[in-house]
Amino acid sequence: KSITEDSNTFKEWYKDKQSKLDEKRRKDLEDKINEELKDCTFTPKTKDCPAYVKRIAKSMAIVKAARSNEISINNTKPDWK
């Protein structure tokens, strides 16, 4: 065999080996994370916020959208200049 054939074979072997090692590392890390999290049982209890808070948030979103439209209109250059 020539040196180039051997080097190509080696490169393929090396890439294959590295991909297998990467896959093993990823799987080991995933298993470690799952093992650490299996004892985690905390789940926060959340409540729906009051209706007045929702109304305030909605009105603030509307005001913010209106201001951004107003700013974009003011920043446009007139066509005649």
Side-chain angles (χ1 to χ4, degrees):
K1 289 185 174 182
S2 69
I3 294 174
T4 55
E5 289 176 4
D6 287 343
S7 68
N8 286 337
T9 306
F10 176 76
K11 287 178 185 177
E12 290 173 14
W13 171 81
Y14 185 75
K15 285 181 183 179
D16 186 48
K17 183 179 178 182
Q18 287 300 318
S19 66
K20 287 179 181 177
L21 285 173
D22 288 342
E23 182 65 27
K24 184 180 182 321
R25 270 191 224 110
R26 187 195 58 75
K27 186 179 181 318
D28 289 345
L29 180 63
E30 189 175 298
D31 290 344
K32 181 181 175 187
I33 290 171
N34 287 336
E35 182 69 27
E36 289 175 358
L37 292 178
K38 78 174 187 179
D39 294 331
C40 295
T41 58
F42 174 75
T43 53
K45 295 179 182 175
T46 58
K47 296 180 182 178
D48 197 24
C49 64
Y52 74 91
V53 173
K54 289 181 182 180
R55 285 193 307 270
I56 292 171
K58 185 177 180 180
S59 67
M60 292 301 292
I62 292 170
V63 169
K64 186 177 180 180
R67 284 186 181 163
S68 68
N69 287 340
E70 184 178 300
I71 290 172
S72 65
I73 291 172
N74 290 338
N75 287 340
T76 58
K77 294 182 179 181
D79 294 334
W80 51 271
K81 277 192 174 185

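- Rounding to the nearest 0.5 Å places NZ of K32 at 11.5 Å from CG of L37.
- With rounding to the nearest 0.5 Å, the separation of NZ in K24 from CG in L21 is 8.5 Å.
- Taking a cutoff of 4.0 Å between a charged side-chain nitrogen and a carboxylate oxygen, R25 and D22 qualify as a salt bridge.
- Using a cut-off of 4.0 Å between Lys/Arg side-chain N and Asp/Glu carboxylate O, K20 and D16 are scored as salt-bridged.
- Taking the six-membered ring for Trp and thresholds of 30 and 60 degrees, F10 and W13 have ring planes inclined between 30 and 60 degrees apart.
- Of the charged side-chain nitrogens involved, none lies within less than 4.0 Å of a carboxylate oxygen, so that E23 and K27 do not count as a salt-bridged pair.
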Side chains of residues 47-55: which donor-acceptor pairs under 3.5 Å do they make with residues two or more places apart or in other chains?
unit_1	atom_1	unit_2	atom_2	d
D48	OD1	K54	NZ	3.3
D48	OD2	K54	NZ	3.0

